[in-house]
Amino acid sequence: MTTITTAISSSIPFSRSLVWFRQGWHLMRQAPVKLFFLMLVPLIVEGVFQLLPAPYGMVVSKWAMAFMVAALWPILNTLATEHTFSLRAVFCRGWSKMALLAIVLTLPAATQLWTATLLLGDDGIALLLYGQMVTVTALQLGIIFAAATPLMLLLGFA
């Protein structure tokens with residue numbers, strides 16, 4: 001049995017790391033007003049869903065937000081590759097897989113709920129799902145919000 005190993009460079013020059021920012025700025029310059037409002041729509045829709053009775057409003061809003069954010073990717077891809085802003089890109093081939101991706105994107109919210117339940121018990125559920133005022137220290141609240149950070153970073157870079 002033969003094993004082949006390769007050396008992977010762990011050092012990336014700083015100039016290469018700015019490529020991502022330049023590409024994003026280039027996209028923003030192509031359609032700044034449309035992209036601004038397009039990025040604002042998921043936040044507005046999430047707020048509207050949170051008006052539903054608890055706990056349904058909170059759960060539905062998190063899933064809808066994840067679904068809408070996943071729907072932005074085909075639009076941005078069309079803008080980057082075809083240099084045109086088109087909402088029709090949402091209905092591109094493979095769109096059905098976005099619903100599965102939206103389920104994955106709800107994992108940070110689920111992680112926060114799990115952490116709140118571990119730290120506060122039923123009060124954690126009341127706080128995050130029902131929006132009820134509970135007694136919580138700043139440290140506990142910080143831990144609850146920070147619990148999703150590693151997963152959000154992983155999903156963001158994936």
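Residues: numbered from 1 along the sequence shown. These values consider heavy atoms only, across backbone and side chains, with no hydrogens, waters or symmetry-generated copies.
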Contacts table for residues 132-145: side-chain donor-acceptor under 3.5 angstrom, sequence neighbours left out:
residue : atom : partner : partner atom : Å
T137    : OG1  : Q140    : N            : 3.1
T137    : OG1  : Q140    : OE1          : 3.4
Q140    : OE1  : T137    : N            : 3.1

Atom pairs and distances, side-chain donor-acceptor, residues 24-37, under 3.5 Å, sequence neighbours left out:
residue : atom : partner : partner atom : Å
H26     : NE2  : Q30     : NE2          : 3.0
Q30     : NE2  : H83     : ND1          : 3.3

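Annotation: side chain of L38 is in contact with side chain of F85 (closest heavy-atom distance under 4.5 Å).
P55 pairs by the side-chain contact (heavy atoms from CB on, under 4.5 Å) definition with L129, Y130, not counting sequence neighbours. Under the side-chain contact (heavy atoms from CB on, under 4.5 Å) criterion, M65 pairs with P42, L43, E46, V69, sequence neighbours left out. Partners of V45 according to the side-chain contact (heavy atoms from CB on, under 4.5 Å) rule, which considers only residues two or more places apart in sequence or in another chain, are V41, F49, M68. With sequence neighbours left out, S61 forms a side-chain hydrogen bond (donor to acceptor under 3.5 Å, both in side chains) with Q50.
With hydrogens and angles ignored, the 3.5 Å screen pairs a side-chain donor or acceptor of S86 with a backbone N or O of R88.
Applying the side chain to side chain donor-acceptor pair (under 3.5 Å) test to pairs two or more places apart or on separate chains, none has a residue in residues 102-111. Applying the salt bridge (Lys or Arg N to Asp or Glu O under 4.0 Å) definition to pairs two or more places apart or across chains, none involves residues 65-77. Residue pairs meeting the salt bridge (Lys or Arg N to Asp or Glu O under 4.0 Å) criterion with at least one member in residues 120-138, sequence neighbours excluded, do not occur.
In the hydrophobic clustering, where aliphatic and aromatic side chains (Ile, Leu, Val, Met, Phe, Trp, Tyr) are joined below 4.5 Å either directly or transitively, W114 groups with L118.
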